[in-house]
Protein chains: 2
Amino acid sequence: MSHTLGIRQAQKQKTRQAFLDAALALLEEQSLSSLGLREVTRAVGVAPTAFYRHFRSTADLGVALVDEALGSLHPMVRTTVSTTGDSEERITRAVELIARHVEAYPAHVRFIARERHGGVQPVREAIRSQLVRFAEEVKAELAKDPEAAGWSDDDLLMLAHLYVDQMLITASLFLETLEAPREERERVTQLATRQLRLISIGRSHWRD
Amino acid sequence: MSHTLGIRQAQKQKTRQAFLDAALALLEEQSLSSLGLREVTRAVGVAPTAFYRHFRSTADLGVALVDEALGSLHPMVRTTVSTTGDSEERITRAVELIARHVEAYPAHVRFIARERHGGVQPVREAIRSQLVRFAEEVKAELAKDPEAAGWSDDDLLMLAHLYVDQMLITASLFLETLEAPREERERVTQLATRQLRLISIGRSHWRD
DNA sequence: TCATCCAGTTAACAACTGTTCTCTGGAATT
DNA sequence: AATTCCAGAGAACAGTTGTTAACTGGATGA
């Protein structure tokens, strides 16, 4: 059910996407709070005033970038944590999936890591609410596991947050090794795997 | 052995500290990469050119702030992780210490959390190297514990990094609840405590 | 006491910023 | 075919930015 957009709407979405792409590129070497409106329009090749047709401010643009970077990631997270295979299998699968994602969308990952605690409040809030959603989804998957028998809701959510934070830490570690020899990337893989393994062990002995 | 500084050097250090304080205050609502030199001098109440007598650039100032925020924290971390009391006792002690520190130096903590993945490379590097030092120190303390028998150096460092990252996550959580009712702060305390407990359980079953 | 030093000042520079108002030309609607 | 709509352009605004050069006056060391 794809409703064909008019020529006008299509062009508008195209320029809007150009804004997002240009901003993301510029944000590899600075923070959102120093990103200028004119800077972005210059990179897109458009008049400064055109910016206002799409965004109220650079903060607004930032919120849109959060949606682009995290919005489409929810199904992926769900299926990754889903209960197929044994613990060790799931861990290596998760770490590899993070590595692939960082390689495929480095700018998105960098943006999220940078602005999660960055200087623009609405963007921080947008990221925070997405991460809370992730944690809730992970919790829902964890609850399906037979190992979760006897776990309180609070404890499940606690573990889910631990996993989500660990995911972000691992992603930003991979980011740093993007231009490093694969020996370094292997080291990060091993580290993240063992950290997840330790958490997994703690999980299986929690009820004691 | 305190060598009395001349009037001149004393004044210089005083204004330098005024720069650091003013910058830290301004950085509560923005990132370092958007902090202007004139903005800082205006806040200090001094001519723009005076800035160059102390720092080459705002990035340089940022590195100095990293030292101020983390440099004096090493002994505290050492004694916190040190092996006195049982596991549960150490955990509650650590969480409370983090809470106190965030309350006492919120701006420092915010600065570190913000600029750890921020847009200024030299500052990121400075923070990274300090965190590596923390991890090494935590590792050294962990090694003293009888529970560390049979642990490889790599595994000890892996656990140490897990603790350091967890420390930062907890600190930034407390930061968000600074102006919230103490009910919220209590919730964060409980969450952080249980996460550390789970890690601790994983640690004690690691050798299996 | 006198010459040196140097933290902070003053003035000026070209370049840049966000935002407003007015205009245009092609798509969309009637 | 005639009218409305609206994404983007153009020009102008008052303020801001980092950096340079030449200066002042009080602390410093001979």
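Chain identifiers are assigned alphabetically (A, B, ...) following the order of the sequence lines, protein sequences preceding nucleic acid strands; residue numbering begins at 1 within each chain. Given the structure is predicted, the values throughout are model-derived calculations rather than measurements.
Heavy atoms of B/Y52 sit under 4.0 angstrom from at least one base atom.
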Would you be so kind as to tabulate the donor-acceptor pairs closer than 3.5 Å made by side chains of residues 101-116 of chain B, with sequence neighbours excluded?
{"residue": "B/H108", "atom": "NE2", "partner": "B/E68", "partner atom": "OE1", "Å": "3.0"}
{"residue": "B/R110", "atom": "NH1", "partner": "B/E28", "partner atom": "OE1", "Å": "3.0"}
{"residue": "B/R114", "atom": "NE", "partner": "A/H117", "partner atom": "O", "Å": "2.7"}
{"residue": "B/R114", "atom": "NE", "partner": "A/G118", "partner atom": "O", "Å": "3.1"}
{"residue": "B/R114", "atom": "NH1", "partner": "B/L27", "partner atom": "O", "Å": "3.0"}
{"residue": "B/R114", "atom": "NH1", "partner": "B/E28", "partner atom": "O", "Å": "3.3"}
{"residue": "B/R114", "atom": "NH1", "partner": "B/Q30", "partner atom": "O", "Å": "3.3"}
{"residue": "B/R114", "atom": "NH2", "partner": "A/G118", "partner atom": "O", "Å": "3.0"}
{"residue": "B/E115", "atom": "OE2", "partner": "B/L32", "partner atom": "N", "Å": "2.9"}
{"residue": "B/R116", "atom": "NH2", "partner": "B/D165", "partner atom": "OD1", "Å": "3.1"}

Pair up each side-chain donor or acceptor in residues 188-197 of chain A with any protein partner under 3.5 Å, not counting sequence neighbours, and list the distances.
{"residue": "A/T189", "atom": "OG1", "partner": "A/R185", "partner atom": "O", "Å": "2.9"}
{"residue": "A/T193", "atom": "OG1", "partner": "A/T189", "partner atom": "O", "Å": "2.6"}
{"residue": "A/R194", "atom": "NH1", "partner": "B/D155", "partner atom": "OD1", "Å": "2.6"}
{"residue": "A/Q195", "atom": "OE1", "partner": "A/Q166", "partner atom": "NE2", "Å": "2.6"}
{"residue": "A/Q195", "atom": "NE2", "partner": "B/M158", "partner atom": "O", "Å": "3.2"}
{"residue": "A/R197", "atom": "NE", "partner": "A/E88", "partner atom": "OE1", "Å": "3.2"}
{"residue": "A/R197", "atom": "NE", "partner": "A/E88", "partner atom": "OE2", "Å": "3.1"}
{"residue": "A/R197", "atom": "NH2", "partner": "A/E88", "partner atom": "OE2", "Å": "2.7"}

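With hydrogens and angles left out, the side-chain atoms of A/S34 and B/S33 include a donor and acceptor closer than 3.5 Å.
Between A/K139 and A/E136 no salt bridge is recorded (no basic side-chain N to carboxylate O distance below 4.0 Å). By the 4.0 Å N-to-carboxylate-O rule, A/R42 lies too far from A/E39 to be salt-bridged with it. Using a 4.0 Å cut-off between a side-chain N of Lys or Arg and a carboxylate O of Asp or Glu, B/R93 and B/E89 do not qualify as a salt bridge. A/R133 and A/E137 are joined by a salt bridge, as a carboxylate oxygen and a charged side-chain nitrogen come within less than 4.0 angstrom of each other. Salt bridge status for A/R16 with A/D21: absent, with no side-chain N to carboxylate O gap under 4.0 Å.
Remark: C1' of D/dG8 and CZ of A/R16 are 17 Å apart, rounded to the nearest angstrom. Atom CZ in B/R53 sits roughly 16 Å away from atom P in D/dG25 (whole-Å rounding).
Using a 4.0 Å cut-off on heavy atoms, the residues of residues 34-49 of chain B that approach DNA chain C are B/R38, B/V46, B/A47, B/T49, listed by number. Residues from residues 54-68 of chain B that place a heavy atom under 4.0 Å from any atom of DNA chain C, listed by number: B/H54.
Rounding to the nearest 0.5 angstrom, the gap separating the CH2 atom in B/W206 from the CD1 atom in B/I201 is 15.5 Å.
Checked by atom type and distance alone, the side chain of B/S57 pairs as donor or acceptor with a backbone atom of B/D60 at under 3.5 Å.
Using the six-membered ring where Trp is involved, A/F51 and A/F19 have ring planes that are perpendicular, over 60° apart on the 30 and 60° scheme.
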Original post:
If you write DNA chain D from 5' to 3' in dot-bracket form, with Watson-Crick or G-U pairs under 3.5 Å, [ ] for crossing pairs and | for pairs with another strand, what do you get?
Top reply: ||||||||||||.||||.||||||||||||
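Within a 6.0 Å sphere centred on CD of B/Q13, other residues, nucleotides and ligands contribute 12 heavy atoms or fewer. Other residues, nucleotides and ligands contribute over 12 non-hydrogen atoms within 6.0 Å of the CD atom of A/Q17.
Contact footprint of chain A on DNA chain C: nucleotides with an atom under 4.0 Å from a non-hydrogen protein atom, first to last in 5' to 3' order, C/dT17 to C/dA28.
A donor-acceptor contact under 3.5 Å links the side chain of A/R8 to the base of D/dC5.
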